[in-house]
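Scroll down for the structure; my scribbles are underneath it.
Computed from a predicted model, the values in this text were never measured in an experiment. Read the numbers this way: they start at 1 and go in the same order the structure lists the ligands and their atoms.
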Amino acid sequence: MKTIETPILVLTGAGISRESGVPTFRGADGLWKNYRAEELATPEAFARRPELVWEWYDWRRQAIAKCNPNAAHEVIVAIEDATGPGEFLLATQNVDGLHELAGSRNVRRLHGSIWHLRCVRCDHEELNRTVPLAPLPPPCPQCGSFLRPGVVWFGEGLDRVVLDAAFTAARTARTVLVIGTSSLVYPAAALPEIALESGAHVVEVNPEATPLSPYVAERLEGPAAELLPAWWREHAPTD
Ligand code: APR
């Protein structure tokens, strides 16, 4: 039994939701009507063709609504349950909401949420899980302008408060789990780098090698839903 040191930071990316069936962003199943995600997930695309961008998000919302959390999401809840107050933070790049559905509580959504909508003009925001949405783009109930998905698009900045919480956790964490992320997209990819500089024990769970792989203490090479439960059985506190 090797008990892990706290505080713990968990960083997740699209790979953790793969076994739940969430369509990925990159790669072949990331294509939609021959558009790549990078062509649609931008403020410029939304300004030019809001209906098209919304059709794509509506398609993603419908697909994600059918997905359930998997064993890897559940292990992360178990880790949070086993830690004391202030000793656990989950930073996710995923917008699918599966961590919250699994029961994770101290979550920071670095790239926002596909279930949150906000007005492009006024301060209206809402949680909206209706699928499909009609009409598209959805009108703002407050000012009549458009609502947009509450996600961070390419070229947009991340929420300062969310980012600060994640960076503070990266500086103080003793153990960091990096699960299902290509470690290519910054600033999220900087979190494990900072933790490594502070001497944290970093564990990467990913079937493929990433730019982070050469620097981590442990690599679990395979699907998170398969490997993470076994890893946790070995490291969970027994009392
Ligand atoms: N278990 C663990 N990891 C997996 C699994 C699995 N079953 N299947 C795939 N992976 C790994 C892949 O090898 C890849 O390294 O998950 C990673 C997914 O990488 P990306 O698709 O680049 O996802 P992510 O790192 O979350 O992307 C970051 O970029 O696309 C934008 O804003 C979007 O939040 C996203 C960000």
Side-chain angles (χ1 to χ4, degrees), residues 9-32 35-46 53 56-57 59-61 63-64 67-76 90-100 102 107-116 148-159 162-163 166 170 176-193 202-216 218-232:
L9 168 66
V10 178
L11 172 66
T12 63
I16 195 169
S17 293
R18 185 134 197 198
E19 285 139 303
S20 293
V22 174
T24 58
F25 238 52
R26 294 185 173 77
D29 61 341
L31 281 181
W32 175 81
Y35 292 99
R36 284 179 299 113
E38 293 89 333
E39 295 174 87
L40 298 167
T42 70
E44 293 77 20
F46 189 69
V53 172
W56 178 57
Y57 276 102
W59 171 77
R60 288 189 69 84
R61 285 165 56 101
I64 293 169
C67 298
N68 293 307
N70 64 53
H73 295 102
E74 281 159 16
V75 166
I76 294 172
L90 165 59
T92 185
Q93 297 167 85
N94 299 343
V95 299
D96 56 31
L98 291 184
H99 285 301
E100 290 87 344
V107 188
R108 295 296 180 279
R109 291 188 292 255
L110 300 169
H111 296 165
S113 160
I114 202 163
W115 304 115
H116 286 80
R148 60 163 278 179
V151 302
V152 178
W153 282 327
F154 291 107
E156 291 186 319
L158 276 62
D159 183 292
V162 170
L163 206 55
V176 180
L177 296 175
V178 185
I179 308 166
T181 174
S182 54
S183 288
L184 291 172
V185 177
Y186 284 80
L191 295 168
E193 294 175 356
V202 178
V203 183
E204 183 181 51
V205 189
N206 197 317
E208 310 281 339
T210 74
L212 179 72
S213 304
Y215 307 102
V216 301
E218 276 182 76
R219 256 192 57 70
L220 309 184
E221 259 184 82
E226 259 175 49
L227 299 188
L228 210 55
W231 182 88
W232 178 237

Identify which of E204, E208, E38, R18 has a heavy atom lying nearest to atom 8 (N) of ligand 1.
-> R18

A student checking ligand 1 against G13 at a 4.0 Å heavy-atom cut-off should list atoms 26 (O)

So is there a nitrogen or oxygen of T210 less than 3.5 Å from a nitrogen or oxygen in ligand 1?
-> no

Which value, rounded to the nearest 0.5 Å, describes the distance between R18 atom CZ and N70 atom CG?
-> 12.5 Å

Taking distance alone, with no angle check, do H111 and ligand 1 share an N/O pair under 3.5 Å?
-> yes

Would you mind telling me if ligand 1 is within reach of the side chain of V185, the backbone, both or neither, using heavy atoms under 4.0 Å?
-> side chain

In this structure, CH2 of W115 is separated from CG of D96 (nearest 0.5 Å) by 9.0 Å

For G180 and ligand 1, does the shortest N/O to N/O distance drop below 3.5 Å?
-> yes

Looking at P223, which atoms of ligand 1 are within less than 4.0 Å of one of its heavy atoms?
-> 1 (N), 6 (C), 7 (N)

Checking H73, Q93, H99 against T12 for side-chain hydrogen bond (donor to acceptor under 3.5 Å, both in side chains), the one that qualifies is H99

For the side-chain contact (heavy atoms from CB on, under 4.5 Å) test, which of I179, T181, N206 pairs with I16?
-> I179

Geometric N/O contact A14 with ligand 1, under 3.5 angstrom = yes

Option of least heavy-atom distance to atom 20 (P) of ligand 1 (set: S182, G222, A37) | S182

Please report the C-alpha distance between W153 and F46 in whole Å, then the side-chain angles of each, then the deciding distance to 0.1 Å, and finally whether the ring-ring contact (aromatic ring centres under 6.0 Å, His included) criterion is met.
-> CA-CA 10 Å; W153 282 327; F46 189 69; 5.2 Å; yes

Quick one: which ligand 1 atoms are inside 4.0 Å of a heavy atom on A224?
-> 1 (N), 2 (C), 6 (C), 7 (N)

Report the distance from atom NE2 of H111 to atom CZ of F154, rounding to the nearest 0.5 Å.
-> 8.5 Å

To the nearest 0.5 Å, atom CG of D159 lies from atom CG of L110 at 9.5 Å

When you check the gap from the basic side-chain N to the acidic O, do E156 and R148 get nearer than 4.0 Å?
-> yes

Consider ligand 1: state whether an atom of it lies below 4.0 angstrom from any non-hydrogen atom of N206.
-> yes

